[in-house]
2 protein chains.
Amino acid sequence: MRDTRAELLMQAETLVRGRGYSGFSYADLAAAVGIRKASIHHHFPTKADLGAALVAAYAARYEAALTAIRAEHPDGAGRIAAYGRLYLGGVEQGLGCLCAALATEGDALPERLHHDIVRFFEAHLAWLERVLAEGRADGSVRASLDPAAYARFVIATLEGALLMERLLGGPEAFQGTLRALDESLR
Amino acid sequence: MRDTRAELLMQAETLVRGRGYSGFSYADLAAAVGIRKASIHHHFPTKADLGAALVAAYAARYEAALTAIRAEHPDGAGRIAAYGRLYLGGVEQGLGCLCAALATEGDALPERLHHDIVRFFEAHLAWLERVLAEGRADGSVRASLDPAAYARFVIATLEGALLMERLLGGPEAFQGTLRALDESLR
DNA sequence: AAAAATCTACCAACTAAATGGTTGGCAACC
DNA sequence: GGTTGCCAACCATTTAGTTGGTAGATTTTT
């Protein structure tokens with residue numbers, strides 16, 4: 001992966017997470033990176049290509065983070081808390097979730113992107129379900145909780161809190177929701 | 001309020017909730033309503049005017065719904081459940097929350113819209129806080145719960161679940177999260 | 001090792017279509 | 001007779017995307 005290409009991906013991600021997919025143009029991105037519009041097309045022929053690369057890179061980063069969390073935190077509740085802190089980073093930077101931004105524009109999105117986002121969320125659901133089931137076994141998570149249903153509940157709460165607190169309550173408010181979420185699974 | 005104007009608001013709301021604010025154009029709206037582009041400008045001089053009217057109408061509808069819920073449901077937990085069912089309607093129609101769609105594009109939004117969205121969420125937070133405090137008094141909501149913090153938790157969960165289940169699990173999955181939310185406050 | 005061919009990253013200049021918005025006018029209605 | 005609702009015909013700007021090309025690096029051929 002080229003240096004310019006990486007820079008393009010980074011700046012494009014910031015743009016999408018701040019203004020949405022149809023909210024930024026190749027001209028915006030070119031200005032942000034300090035390159036000409038035509039050069040972006042050299043790396044990403046169409047905007048949909050760029051979008052797909054964005055989701056792929058974002059998903060890969062999250063996948064690595066999820067693996068690290070399982071390795072570094074021994075118990076279920078601690079892992080969910082660490083997962084929640086991933087979203088906190090977005091609030092601190094004032095940026096939403098890339099896939100939430102894309103999901104919002106779902107109806108206008110290229111089919112291929114639509115599918116990539118679904119896969120992103122499904123990967124998180126599968127990870128959470130597993131972590132919750134393990135947490136039930138290790139006793140850090142209450143036994144009455146249904147891992148599959150609760151996995152959805154966790155993502156929903158975190159995505160929604162990121163969406164809202166990014167422009168309302170900031171990191172402190174977000175951490176309050178993090179605490180409420182932690183309570184609810186013990 | 002004119003008939004055409006109401007039709008414009010309705011179709012524009014559907015467009016924004018499905019594709020985002022910068023994801024639709026006056027041409028799209030004109031086609032949806034069966035009118036010419038220029039005529040939209042007669043009712044809403046600028047796109048920001050239309051956006052502001054959209055939020056105002058949406059907020060007014062919600063305000064009425066919130067009042068009705070308090071009148072029709074006696075206890076705190078029942079009111080929160082009814083509030084959750086408001087969002088379920090969105091999932092069933094395959095449409096996200098208008099203000100969530102706008103919040104996503106926050107960085108690119110006219111300042112005036114930005115402010116209107118914040119007010120929308122703050123009104124909901126205030127209502128929820130009140131309902132939760134009353135629910136604690138009537139015993140339907142656990143006493144250990146902090147109404148202010150939990151109000152944020154509730155909106156976050158519902159907004160996030162709407163965002164996700166609109167394109168993932170559909171109404172059934174959403175209702176699972178509704179159940180988990182209800183459990184968590186008892 | 002020199003020369004030739006190929007590839008990579010970039011850009012100036014362009015295009016067609018779409019964007020939000022304006023102007024001037026027409027017809028119906030109080 | 002002025003207000004209201006609408007539209008055809010504009011307009012400037014922006015959009016994603018194309019074309020044809022240059023300069024430098026890399027690889028291939030001799």
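Proteins get letters first, then strands, A, B, ... in listed order; numbering begins at 1 in each.
Regarding His42(A), its NE2 atom lies at a distance of 8 Å from the P atom of dT8(C), rounded to whole Å. Atom CG in Leu8(B) sits about 15 Å away from atom C1' in dG20(C), given to the nearest Å. Residue Asp3(A) contributes atom CG, which lies 14 Å from atom C1' of dC10(C) at whole-angstrom precision. Distance, Ile40(B) CD1 to dT22(C) P: 14 Å, rounded to whole Å. Protein atom CD1 of Ile35(A) is 14 Å distant from nucleotide atom C1' of dA12(C), rounded to whole Å.
Between Phe153(B) and Tyr150(B), the two ring planes are tilted [angle within 30° to 60°]. The aromatic rings of Tyr87(A) and Tyr83(A) stand perpendicular to each other, their planes meeting at an angle above 60°, with 30° marking the opposite boundary. Ring geometry for His124(B) versus Phe120(B): interplanar angle of 30 to 60°, hence tilted.
A donor-acceptor pair under 3.5 Å links the side-chain atoms of Arg79(A) to the main chain of Arg70(A), judged by distance alone.
Distances shorter than 4.0 Å separate none of the side-chain N or O atoms of His41(B) from OP1 or OP2 on dC6(D). For Thr4(B), a side-chain nitrogen or oxygen approaches OP1 or OP2 of dC6(D) to under 4.0 Å. Considering only side-chain N and O atoms, His43(A) lies under 4.0 angstrom from the phosphate OP1 or OP2 of dC10(C).
We find that Arg142(A) and Glu183(B) are joined by a salt bridge, their nearest charged nitrogen and carboxylate oxygen being less than 4.0 Å apart.
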Pairs: protein N or O with nucleotides 13-15 of chain D N or O, under 3.5 Å:
{"from": "dT15(D)", "atom 1": "OP1", "to": "Ser25(A)", "atom 2": "OG", "distance (Å)": "3.4"}
{"from": "dT15(D)", "atom 1": "OP2", "to": "Ser25(A)", "atom 2": "OG", "distance (Å)": "3.3"}

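Residue pairs meeting the side-chain hydrogen bond (donor to acceptor under 3.5 Å, both in side chains) criterion with at least one partner in residues 162-172 of chain B, sequence neighbours excluded, are Arg152(A)-Glu165(B).
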